[in-house]
**Student:** 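My questions will all concern the structure given below.
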Amino acid sequence: GTDIIDDKFDPIIPKGTRLPAKSGRIYFTVCEYQENVNMNVYMGESENLSQNKKIESFSLEISDPQKQSVAVGAIFEVDENMIIHFTSVE
């Protein structure tokens, strides 16, 4: 899952999901003309982010920053070997 505001955890692929699995979310930029979105990926089950294990972080570049919010799609796939693949789309 990923982190969202106020130390909250947004699970993407719940524990016990049959593999391979694919799921995604749509997030939005929060600042005018925001040029990138930083994403942290966590493993765990707690709603409190700090109780989960951070496994990766990356930055997504916004190709056309706007004054209003820009939607960013985050798609996670976990293959049968438990390898995580990530795709993003604007």
Side-chain angles (χ1 to χ4, degrees):
T2 61
D3 55 341
I4 53 178
I5 59 172
D6 298 330
D7 191 44
K8 296 296 179 195
F9 178 64
D10 185 20
I12 306 291
I13 300 176
K15 182 178 180 178
T17 300
R18 186 176 238 167
L19 299 179
K22 180 178 181 178
S23 188
R25 297 282 191 277
I26 297 176
Y27 299 101
F28 295 90
T29 56
V30 294
C31 300
E32 292 182 357
Y33 302 104
Q34 187 171 336
E35 295 180 353
N36 59 47
V37 174
N38 297 316
M39 295 193 75
N40 297 303
V41 180
Y42 291 82
M43 179 174 59
E45 299 178 52
S46 176
E47 289 183 8
N48 295 319
L49 183 66
S50 58
Q51 295 178 7
N52 296 304
K53 180 182 178 184
K54 184 176 178 180
I55 57 174
E56 187 62 70
S57 63
F58 48 89
S59 182
L60 307 173
E61 186 175 326
I62 304 297
S63 61
D64 186 21
Q66 301 286 318
K67 185 172 183 169
Q68 69 275 11
S69 291
V70 174
V72 178
I75 302 166
F76 291 86
E77 296 179 68
V78 180
D79 67 21
E80 56 276 344
N81 297 312
M82 303 255 330
I83 296 173
I84 300 170
H85 304 272
F86 174 79
T87 307
S88 69
V89 291
E90 282 182 62

**Student:** More than 12 heavy atoms of other residues, nucleotides or ligands under 6.0 Å from CD of Q68: yes or no?
**Tutor:**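 Enclosed: over 12 neighbouring heavy atoms sit under 6.0 Å from CD of Q68.
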
**Student:** Listed by chain and number, what are the salt bridge (charged side-chain N to carboxylate O under 4.0 Å, His left out) partners of D7, not counting sequence neighbours?
**Tutor:**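 In terms of salt bridge (charged side-chain N to carboxylate O under 4.0 Å, His left out), with neighbours along the sequence ignored, D7 is linked to no residue.
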
**Student:** Does Q66 CD have over 12 foreign heavy atoms under 6.0 Å away?
**Tutor:**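 Yes, because the 6.0 Å sphere around CD of Q66 holds more than 12 heavy atoms from other groups.
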
**Student:** Okay, side chain of S69, backbone of T29: is any donor-acceptor separation there less than 3.5 Å?
**Tutor:**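 Yes, because the side chain of S69 sits within donor-acceptor range (under 3.5 Å) of the backbone of T29.
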
**Student:** List, by chain and number, the other hydrophobic cluster members for V70, where Ile, Leu, Val, Met, Phe, Trp and Tyr join if side-chain heavy atoms come within less than 4.5 Å, directly or indirectly.
**Tutor:**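 The other cluster members (ILVMFWY side chains, heavy atoms under 4.5 Å, direct or chained) are I4, I12, I13, L19, Y27, V37, M39, V41, M43, I55, F58, L60, I62, V72, F76, V78, M82, I84, F86.
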
**Student:** If you round to the nearest 0.5 Å, how far is CZ of F9 from CD of E47?
**Tutor:**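 Output value for this atom pair is 10.5 Å.
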
**Student:** What's the shortest heavy-atom distance between P65 and Q34, and which atoms?
**Tutor:**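 So the two residues come closest at CB-O, 3.4 Å.
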
**Student:** Determine yes or no for a side-chain-to-main-chain donor-acceptor pair under 3.5 angstrom, with E77 supplying the side chain and I75 the backbone.
**Tutor:**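 Side chain of E77 to backbone of I75: no pair is present.
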
**Student:** Does I26, at its CD1 atom, have more than 12 non-hydrogen atoms belonging to other residues, nucleotides or ligands within less than 6.0 Å?
**Tutor:**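 No.
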
**Student:** Is there side-chain contact between R25 and D10, with heavy atoms separated by less than 4.5 Å?
**Tutor:**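 Side-chain contact under 4.5 Å: yes.
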
**Student:** Hey, could you give me the OH/NZ distance between Y42 and K53, rounded to the nearest 0.5 Å?
**Tutor:**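 If we round to the nearest 0.5 Å, Y42:OH and K53:NZ are 12.5 Å apart.
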
**Student:** With sequence neighbours left out, which residue pairs that include part of residues 11-24 fulfil the side-chain hydrogen bond (donor to acceptor under 3.5 Å, both in side chains) condition?
**Tutor:**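 Qualifying pairs, neighbours excluded: K15-E45.
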
**Student:** For a quick test of reading the model, state the closest non-hydrogen atom pair linking N48 to N52 and the distance between them.
**Tutor:**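 Nearest pair, atom of N48 first, then N52: O-ND2, 3.4 Å.
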
**Student:** Atom CD in E56, atom CG in N40: separation rounded to 0.5 Å?
**Tutor:**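 Nearest 0.5 Å value for the CD-CG distance: 9.5 Å.
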
